[in-house]
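Below: the structure, in C-alpha cells.
Since the structure is predicted, the reported quantities are computational estimates derived from the model, not experimental observations. The sequence lines fix the lettering, A, B, ..., with proteins before strands; numbering per chain opens at 1.
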Amino acid sequence: MVFRFICARSTVMCYLSLAYRPMRYSHAFIPTLRDDPADAEVISHKLLLRAGYIRRVTSGVYDFLPLGLRVLRRIESVVREEMNAAGGEELLMPMVQPSELWKASGRWEKYGPELLRFNDRHQHESCLGPTHEEVICDLVARELRSYKQLPMNLYQIQAKFRDEIRPRFGLMRGREFIMKDAYSFHADDADLQREYQNMFAAYQRIFTRLGLKFRAVEADTGSIGGSDSHEFHVLADSGEDLIAHCAVCEYAANVEKAESIRSVPDGEAAELAGVDTPNASSIEEVTAFLSVDAALLIKTLMYQVSGGEFDGKVVAVCVRGDDQVQEIKLLHALNADALEMAADTEIEAVGGVAGFVGPVGINCPVLCDESLRDAIGMIAGANAVHSHLRAVDMGRDVAAVFADLRQTRAGDNCPKCGGAMALSRGIEVGQVFALGRRYTQPLEVCFQAQNGKRETATMGCYGIGVSRLMAAIVEQCHDDAGIAWPLEMAPFHVVLISMGQGEVVVQASQDLYASLQASGLGVLWDERKERPGVKFKDAELIGIPLQVVVGERGLKEGVIEAGVRGGERSSVLLDDAVAEITALAESLRGAVI
RNA sequence: CGGGACGUAGCGCAGCCUGGUAGCGCACCAGUCUGGGGGACUGGUGGUCGCCGGUUCGAAUCCGGCCGUCCCGACCA
C-alpha cells in the first residue's frame, strides 16, 4: 500500500482524482470562521463548521463543502477497499422506496414516524429509505435460483434518511446521512456465522486504518431485528451511547443489553408492616426519612404498554432503589412495541397511588428485576398515600415475573468472569447483525438447495455510518488549534505556505507545488495575499497534517521549512524537499493520534 | 411530544427592562503603512431587527399567535 501510494501515481492519482486533487487556496471554496457558531455544541460540529467542511441546510441536513467531500471520499475509499477485499460487491439502490415492500416485511406499521412517508403524483405511497433490507431482498429474491449462487455480499455507500425526533451534534445525528450498508445471503446459518465473523474482522481493519480508538460491543438489535449483533463504538466523552465493559475479561456490551451481577440486598426477614412516610415519595426522600440504604428499596415504575401480550395495559416494573430501569430490556421482556409512563389516573385504576406505588397488592402484572428475586426485608410503596411497607419478602408477598430489567452500573460484577464492570461513552459508527430469516421469509428470498428442496436464504446486514465517522474522527483527532486529521483521512496531505508575493517565492513555490504533486501527495498551495499568521491558523484549523513553508529568508540560503502540524518545522534544502516531505508523510502513515 | 433558552449584517454579540435616527467586534470593499503565528490606520459596503397581527402619534423594544434554532428529557442506528 505504501509502495503504491508513493510510486504508482498513474493509477492512484487517477483513482483518487477528487480526493487528492491539488488546489490553490485562492481558488478553493474554504469558508473558515473565526468564531464558534453559537448553535454548535460538540467539538466536531464546531470544528467542521468553522473549518469550512459542512454547512447546515435544515434541521439534521448538511451540505458537504469541498473539504468535507474530500474527507468523505477518503473514508469511503478505506471502507470500499476493505469491503472489496472481504468479498463484498458494490451496487447502488434507490433512496425512494415503495410502501409495498415495507408492508411485506411488516415494517410499514412497525417503523414509526422515523420513516418519512409521502405520496407521489399518482398517490402511490412511498418512503425515503432509512435502510435497505426490503429493497435488497426484493432484488435478490428475483434473481436467486440456486444454492450455487450463494453466498453473496452486496453493499452500497449512499444517503439514508431517518426523520429523527431530535437531530443534533451536526454530523453525529443527522436526519440525512451517508452510510455504507452491506447485506449478505447464505444457504444456511453456519455460513451466515462465518460471514458475520468475516465482516466483524473487516470492520476491525477499517476502524484501525481510520486511526480510531474503538471497541466492539454486544448490542441490542433494535428495529432491524435478528439474533446476534455487535456495535462498533468510537470511544469519546461526547458519545451518545453508554457501553459497559469488564475490566478483566473481554465482555463488553451496550447498556441497552449489558448484563451484570450484583449482590442480594441484605434486608432482614420480618413481618410485613406499614410505615408512615409523609411527603416522602422519591427514593431520595424515603431513604432520608427512614435512614436506610437505597439498595433496600423497591423502585416501582408504572408503564403503559403498546404491542405484545400486554397491549393497552398498565404494568408495574420493579428494580432496586439504586438501580435504573433499562427500557430496551423491558421492551424485550414484554415483547412490546412501545412504552410510556402511566398517567396518575391509570395508576389509580389498578389500585396504585402515584408516588407511593409498590408491587404488593397492586392490581396489574408485576415485572421485577432478577436482582430482587430472593430479596427480603425490602421497603416498597404501600399503594396508599404517605405510606410505605417494611420487610417486603419478594417470594412471600409479591407475585411477579422476573427478568433482567436493570441498567448495568459501574462496579457491578461481570456476568462472564465476575470482574468489575466500567462504563464508557461511545459513538456508534458501525453495527453488524445476523438477521436470519426475519426479512428473507416475508420477502421470499428462496433458492433450490443441493437436495432439490426449496429453501429460504438466511441473511446478515452490516452498516457503517460514513458521515458520522467524519465527526467521530474529529472528536478523537483535534486540539485547540483545530482538526488534526490522520494522514489518510486528510483532505490534503500537505499545505504549502508561501510567505509573501515576491517573484522568487512564487517561483520556488510553484515548482515545489508541482513536484510534490508529482510525488503523489495531495497539496493545498496557500498563495493568498494574507499575512503568515492567517495562513498558519487556517492550515491548523482545517487540519492538514504536513506544513511546508517557502519564504524569501530561507530561499536565500537555499532552504524551505517542513514539519508536521502541531510540531516544530525544520529547515530542509530545497533540493531535498520532496524526499524529506515524502519521508515525513511516511512517518505519519498509520500513526494513531 | 414535555421542560428550558434563544432569534438584531456572513460569524460572534450589545440595544429590549424604561417605545423616539439600528449599534459594536470580526469578516468584506478601497487606500496607506506593514510583512514569519488571525497587524495598524483612514474611508466605505452590507440589516424586511424570524414572520403575521395588535397596542401606540411612533415598536427591534410592549401584547398575542405562528415559524425556526439550540439545550435537557422521552425516542432512535
What is the separation between atom [atom1] on [X] and atom [atom2] on [N], rounded to the nearest whole Å?
X: A:Lys529; N: B:G31; atom1: NZ; atom2: P; answer: 9 Å
X: A:Glu340; N: B:G73; atom1: CD; atom2: C1'; answer: 14 Å
X: A:Arg56; N: B:G68; atom1: CZ; atom2: C1'; answer: 8 Å
X: A:Leu330; N: B:A74; atom1: CG; atom2: P; answer: 14 Å
X: A:Arg166; N: B:G73; atom1: CZ; atom2: P; answer: 7 Å
X: A:Gln501; N: B:G35; atom1: CD; atom2: P; answer: 15 Å
X: A:Gln326; N: B:C76; atom1: CD; atom2: C1'; answer: 13 Å
X: A:Ile30; N: B:G38; atom1: CD1; atom2: P; answer: 20 Å

Determine the interatomic distance between [atom1] on [N] and the same-named atom on [M]; round to the nearest Å.
N: B:C11; M: B:G47; atom1: C1'; answer: 15 Å
N: B:C63; M: B:C17; atom1: C1'; answer: 15 Å
N: B:C49; M: B:A22; atom1: C1'; answer: 8 Å
N: B:C33; M: B:U48; atom1: P; answer: 37 Å
N: B:U56; M: B:U61; atom1: P; answer: 16 Å
N: B:G23; M: B:G64; atom1: P; answer: 29 Å
N: B:G53; M: B:A59; atom1: P; answer: 13 Å
N: B:G7; M: B:A14; atom1: P; answer: 8 Å

Name the residue closer to the 5' end of RNA chain B, choosing between A:Arg468 and A:Arg34 according to the nucleotide with the nearest heavy atom.
->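 Its nearest nucleotide lies further toward 5', so the answer is A:Arg34.
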
Let me know, please, whether A:Met179 or A:Arg50 comes out on the 5' side of the other along RNA chain B by nearest nucleotide.
->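 Result of the comparison: A:Arg50.
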
Which one, [options], comes nearest to the side chain of [X]?
X: A:Arg173; options: B:C76, B:A74, B:G25; answer: B:C76
X: A:Ile165; options: B:G38, B:A74, B:G25; answer: B:A74
X: A:Glu164; options: B:A77, B:C75, B:G38; answer: B:A77
X: A:Glu540; options: B:C70, B:A77, B:G37; answer: B:G37
X: A:Asp39; options: B:C70, B:G37, B:A74; answer: B:C70
X: A:Glu231; options: B:A77, B:G38, B:C71; answer: B:A77
X: A:Pro532; options: B:A77, B:G37, B:U69; answer: B:G37
X: A:Asp35; options: B:G35, B:G25, B:G73; answer: B:G25
X: A:Ser59; options: B:U69, B:C71, B:A74; answer: B:U69
X: A:Gln431; options: B:A77, B:U34, B:G12; answer: B:A77

Donor-acceptor pair under 3.5 Å: do we get one between A:Glu530's side chain and the base of B:G38?
-> no

Using only heavy-atom distances, decide whether a donor-acceptor pair under 3.5 angstrom links the side-chain of A:Arg531 to the base of B:G39.
->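 By the distance-only test, yes, there is a pair.
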
Name the pairing partner of [N], where a pair is Watson-Crick or G-U wobble with both distances under 3.5 Å, or state none.
N: B:C49; answer: none
N: B:A14; answer: none
N: B:A40; answer: B:U32
N: B:A5; answer: B:U69
N: B:A74; answer: none
N: B:C57; answer: B:G20

Check every strand shown and say whether [X] touches a base, only sugar-phosphate, or nothing at a heavy-atom separation below 4.0 Å.
X: A:Glu428; result: sugar-phosphate
X: A:Gly463; result: nothing
X: A:Arg55; result: nothing
X: A:Ile328; result: sugar-phosphate
X: A:Gly170; result: nothing
X: A:Phe169; result: sugar-phosphate
X: A:Asp241; result: nothing

Stacking between A:Phe433 and the base of B:A77 (centre distance under 5.5 Å, interplanar angle under 30°)?
-> no

Hey, do the aromatic rings of A:Tyr25 and A:Trp525 have their centres closer than 6.0 Å?
-> no

Aromatic contact, A:Tyr62 with A:Phe177 (centres under 6.0 Å) =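 So the answer is no for these two rings.
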
Has the side chain of A:Arg117 got a donor or acceptor atom that lies under 3.5 Å from a matching backbone atom of A:Trp108?
->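 It does hold such a pair.
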
Would you tell me whether A:Gln547 and A:Glu561 have side-chain atoms, one donor and one acceptor, within less than 3.5 Å of each other?
-> no

Modelled atom types, side-chain donor and acceptor of A:Tyr203 and A:His230, under 3.5 Å |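 Distance-only check fails for A:Tyr203 and A:His230.
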
May I ask you to decide whether A:Arg205 forms a salt bridge with A:Glu82, counting only side-chain N to carboxylate O separations under 4.0 Å?
-> yes

Identify the residue among A:Ile483, A:Ile75, A:Leu212 that makes a side chain to side chain contact (heavy atoms under 4.5 Å, CB included) with A:Met489.
-> A:Ile75

Any side-chain heavy atom of A:Tyr439 sitting closer than 4.5 Å to one from A:Arg107?
->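 Side chain of A:Tyr439 against side chain of A:Arg107, heavy atoms only: contact under 4.5 Å found.
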
For A:Glu568, does the CD atom sit with more than 12 other heavy atoms under 6.0 Å from it, leaving out its own atoms?
->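 No, because the 6.0 Å sphere around CD of A:Glu568 holds 12 heavy atoms or fewer from other groups.
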
